Amino acid sequence: MKGFIILAFIINVVCPEVPKYHVFVYGTLKKGQPNYSKMEVAANGQPEFLAYARTVERYPLVIGTQYNIPFLLNVPGMGHRVYGEIYHVNQTLLDFLDKFEECPKWYQRIKIKLEVQDRVGEGKNTLKNGSIKEAFVYVKTITDDEWLQKPTYESYDTNAEV
Ligand SMILES: *[C@@H]1O[C@H](CO)[C@@H](O)[C@H](O)[C@H]1NC(C)=O
Ligand SMILES: *[C@@H]1O[C@H](CO)[C@@H](O)[C@H](O)[C@H]1NC(C)=O
Ligand SMILES: *[C@@H]1O[C@H](CO)[C@@H](O)[C@H](O)[C@H]1NC(C)=O
């Protein structure tokens, strides 16, 4: 028991880092959009914002259902290079986002390549302008071509009339 405590102490001192994940948000979780505050509550403060970014590949960003909900369809090569924000989140926040996005039932979490547009800050986690970064993103795997008939957007704004 004592050995375990000492080992735990050493690990904590030598490797104080907790695992963190990069997550790209493109819809209602962005700053100024209706669900950003939910992420703040889950992060118990401001989530760590790293950069504005844009998908390297084109993806269809569509507005699904009458509730004005954005979906990035997992169909690379169609639509636009989509704009959003990269956050650095810990396990607690990632678990919250999985639940919030009803992953895997409603949205599916995959990795996507992003081009960093405008980094923020000078901290050690800062991403370089113009660099390519992989991050998690919540997408919709479509089962029905009807989704592909919808208009596509390069950026989501809940306040814009569509
Ligand atoms: C994640 O960060 C929040 C504070 O922002 C904290 O309450 C929580 O315990 C952290 N989770 C992990 C797994 O470190
Ligand atoms: C986010 O906010 C919108 C309101 O614009 C709401 O309709 C939606 O269900 C919320 N949740 C998610 C997961 O997008
Ligand atoms: C990053 O690039 C953007 C243009 O895409 C520019 O406005 C911004 O000032 C740059 N930021 C830094 C920190 O170099």
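Please read all numbers here as calculations on a predicted model, not as lab measurements. We count ligands from 1, going down the list as the structure has it; atoms in each ligand are counted the same way.
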Hey, what polar pairs (N/O, under 3.5 Å) does ligand 1 make with protein?
residue, atom, partner, partner atom, Å
ligand 1, 2 (O), Asn90, ND2, 2.4
ligand 1, 5 (O), Ala43, O, 2.6
ligand 1, 11 (N), Asn90, ND2, 2.9
ligand 1, 11 (N), Thr92, OG1, 2.5

Contact summary for Gln117 and Arg54, nearest pair of heavy atoms: NE2-CB, 3.5 Å
Lys31, NZ: over 12 other non-hydrogen atoms inside 6.0 angstrom: yes
Per-atom contacts, ligand 2 versus Thr28 - under 4.0 Å to a heavy atom: 1 (C), 14 (O)
Part of Glu101 with heavy atoms under 4.0 Å of ligand 2, whether side chain, backbone, both or neither: side chain
Stepwise side-chain hydrogen bond (donor to acceptor under 3.5 Å, both in side chains) check, Tyr138 with Asp98: CA-CA 9 Å; Tyr138 295 91; Asp98 279 353; 2.7 Å; yes
Ile69 and Ile63, any side-chain heavy atoms less than 4.5 Å apart: no
Residue list, salt bridge (Lys or Arg N to Asp or Glu O under 4.0 Å) with Asp95, at least two apart or on another chain: none
Close side-chain approach of Phe100 to Leu29, heavy-atom, < 4.5 Å: yes
N or O pair under 3.5 Å between Lys38 and ligand 2: no
For Phe100, atoms of ligand 2 separated by under 4.0 Å from a heavy atom: 11 (N), 12 (C), 13 (C)
Atoms of ligand 2, numbered as shown, that sit under 4.0 Å from any heavy atom of Pro34: 4 (C), 5 (O)
Parallel, tilted or perpendicular, as decided by the 30° and 60° cut-offs, for the rings of Phe49 and Tyr87: tilted
Over all atoms of both residues, closest heavy-atom pair of Asp118 and Asn129: CA-OD1, 3.2 Å
